[in-house]
There are 2 protein chains.
Amino acid sequence: MSGRLTIVGIGPGDDALVTPEVQAALDQATDIVGYLPYVARVKPRPGLALHSSDNRVEINRSRHALEMTSQGRQVVIVSSGDPGVFAMAAAVLEAVDYGDPAWRDLDIRILPGITAMLAAAAACGAPLGHDFCAINLSDNMKPWSVIDKRLRLAAEADFAMAFYNPRSKSRPDGFGKALKTLQEICDKDRPMIFARNISLSDQTIQIVPINEVQEDMADMRTVVLLGSSQTRIIHRDGTPLIYTPRSVEK
Amino acid sequence: MSGRLTIVGIGPGDDALVTPEVQAALDQATDIVGYLPYVARVKPRPGLALHSSDNRVEINRSRHALEMTSQGRQVVIVSSGDPGVFAMAAAVLEAVDYGDPAWRDLDIRILPGITAMLAAAAACGAPLGHDFCAINLSDNMKPWSVIDKRLRLAAEADFAMAFYNPRSKSRPDGFGKALKTLQEICDKDRPMIFARNISLSDQTIQIVPINEVQEDMADMRTVVLLGSSQTRIIHRDGTPLIYTPRSVEK
């Protein structure tokens, strides 16, 4: 049997957000490869090998998956959210690009998933309801100056924004720096949304005017959204609804 | 029984991309509301009323759904892709914001779906694998000057880009105008991707250097992606793979 590599998005956490297409790929796999907490979401069964690895070893993990695929295995790489959004698909293609030329002709498929920003947006309304951007706030793989420039241009374009990887133990200061830039250039009551453990039973959503935001409101389990200048809040009993209108006045 | 309004994303077309959470909402509905081709994707059954409407009547459709919810119905509004990305969630919240104050206390849920740009990206690799933006190219509800400004700032930020609603019968010129701006400011071999009928049996993917793009490559059934300056193409037998690397050189 010829090998196949399928890179799948398992959504933000709740199995009810895993597409049937992804579930079918998991059911047909011989090998599951990925970061430990994502592999742990796959139900073990006879004949299925689980290969967990640590964070930050994406290229090694990709090569391992490509080698097993070359050997005829049915390999599935699991990514949180969508594999194409700050996740494993780009890492695997980078490994193919610079790796064994024979890997180019492998059967490689990428199956989309529900990415964190869209699950977070749905949980509080439609804050990304008009033009928006997604920025990875980690400076592990790009200079901070690139992040700062993108934040300023995105604000000038009046995009709503989604921020992935806002803050971690190894990067405690990054979100604070981004926040300082955004507090300088955005109107002070611009709503910022902190969505933590999205789709899980302990999900929390906080909506905070940007001038009242503290940097420790974000951690590695948080996706952060920021409204555009047009974003509106509908107050009501309980959690408000927040949305960015579809129109900009002519 | 008290009413509930659920706004769901049914993905780009293939039922294998509908999440179990959305399927459950469809199965429990008394009323399905939406644009005709999306309502047509819901299987009829006894006790289920289907309310189709034309395009461009989003606010009327939202009010109708909110009224039925007030009367105790289990109403589901179907959106293509994700309801929070250029779709029905913002329209419904706008109707709530400016409508009957009692609507604010209705039980309103939004369930995410696979949005077109992420399905299109997955079909050709990981072109949105690093920072990116999503822009609606329709100027029905915003001035063209806003679109033009956003395109220029997004290029300066070196975002990969996704364009929704690039061109329609009533707006034959919009995509050509956007293309002209982008051809002026992007390097001439920047890859542009035309993903048509994404996830369906007649899906097509074209990857074209931006200086060779013709405006009629896009229509209403196309989502258009554009790489950043860093985006790479992996040539091989068959369709190439395209990805935007996770890193920017320090």
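Letters A, B, ... are given to chains in the order of the sequence lines, protein chains preceding strands, and every chain is numbered from 1.
When Ile114(A), Asp97(A), Asp14(A) are compared by the number of non-hydrogen pairs under 4.5 Å with chain B, Asp97(A) comes out ahead. Per-residue heavy-atom pair counts under 4.5 Å with chain A were compared for Ala122(B), Pro83(B), Ala126(B), and the maximum is reached by Ala122(B). Highest contact tally toward chain B, considering only Val85(A), Ile233(A), Thr115(A), Thr244(A), is held by Val85(A) [criterion: heavy-atom pairs under 4.5 Å]. Taking chain B as the reference chain and counting heavy-atom pairs below 4.5 Å, the highest number among Pro101(A), Ala121(A), Ala91(A) is found for Ala91(A). Of the listed residues His235(B), Arg152(B), Lys149(B), the one with more heavy-atom pairs under 4.5 angstrom with chain A than any other is His235(B). The candidate with the highest count of non-hydrogen atom pairs below 4.5 Å against chain A, out of Ala123(B), Ala154(B), Ala134(B), is Ala134(B). Contacts with chain B were tallied for Ile242(A), Val22(A), Ile110(A); Ile110(A) has the most, counting heavy-atom pairs under 4.5 Å.
At a 4.5 Å heavy-atom cutoff, Ile147(A) makes no contact with chain B through either its backbone or its side chain. Looking at Ala162(A), neither its backbone nor its side chain comes within 4.5 Å of chain B, counting heavy atoms on both sides. Proximity to chain B is limited to the side chain of Tyr98(A), based on heavy atoms less than 4.5 angstrom apart. Interface residue Val18(B): only backbone heavy atoms are found under 4.5 Å from chain A. If you measure heavy-atom distances from Arg232(A) to chain B, the contacts under 4.5 Å come from the side chain alone. Only the side chain of Asp82(A) comes within contact range of chain B, with at least one heavy atom under 4.5 Å from a heavy atom of that chain. Neither the backbone nor the side chain of Met88(A) comes within contact range of chain B; no heavy atom of the residue lies under 4.5 Å from a heavy atom of that chain. Asp158(A) touches chain B through backbone and side chain together, each having a heavy atom under 4.5 Å away. Leu106(B) touches chain A through its backbone: at least one of N, CA, C or O sits under 4.5 Å from a heavy atom, while the side chain does not.
For the pair Asp105(A)/Asp237(B), a side-chain contact is recorded, criterion being any heavy-atom separation below 4.5 Å from C-beta on. Counting only heavy atoms from C-beta outward, the side chains of Ile135(B) and Phe159(A) approach each other to under 4.5 Å.
The heavy-atom pair separating Gly125(B) from Leu93(A) by the smallest distance is CA-CD1, 3.6 Å. Scanning both residues, Ala16(B) and Pro20(A), for their nearest heavy atoms gives O-CD, 3.2 Å. Summarising the geometry of Pro112(A) relative to Ala119(B), their closest heavy-atom pair is CG-CA, 4.0 Å, with the distance given to 0.1 Å. Taking both residues in full, the closest heavy atoms of Arg246(A) and Ala90(B) are given as CG-CB, 3.8 Å, listed atom of the first, atom of the second, then distance.
Distance check, rounded to the nearest 0.5 Å: OG of Ser247(A) to CD of Glu94(B) gives 5.5 Å. Here the CD1 atom belonging to Ile108(B) is positioned 5.5 Å from the CG atom belonging to Leu241(A), to the nearest 0.5 angstrom. Atom CH2 of Trp103(B) and atom CD1 of Ile234(A) lie 11.5 Å apart (nearest 0.5 Å). Atom NZ of Lys142(A) is separated from atom NE2 of His130(B) by 3.0 Å, given to the nearest 0.5 angstrom. For the atom pair Asp15(A) CG and Glu21(B) CD, the distance stands at 11.5 Å (nearest 0.5 Å). Remark: Gln23(A) CD to Thr19(B) OG1 distance equals 12.5 Å, nearest 0.5 Å.
For the pair Asp131(A) (side chain) and Asn136(B) (backbone), a donor-acceptor distance under 3.5 Å is present. When atom types are taken as modelled, the side chain of Arg236(B) and the backbone of Arg104(A) share a donor-acceptor pair closer than 3.5 angstrom. Between the side chain of Arg150(A) and the backbone N or O of Ala157(B) there is at least one donor-acceptor pair closer than 3.5 Å.
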Side chain to side chain contact (heavy atoms under 4.5 Å, CB included) assessment of Val92(A) paired with Tyr243(B): CA-CA 10 Å; Val92(A) 171; Tyr243(B) 75 104; over 6 Å; no
Intermediate values then yes/no, side chain to side chain contact (heavy atoms under 4.5 Å, CB included), Glu249(B) and Val146(A): CA-CA 10 Å; Glu249(B) 268 186 38; Val146(A) 169; over 6 Å; no
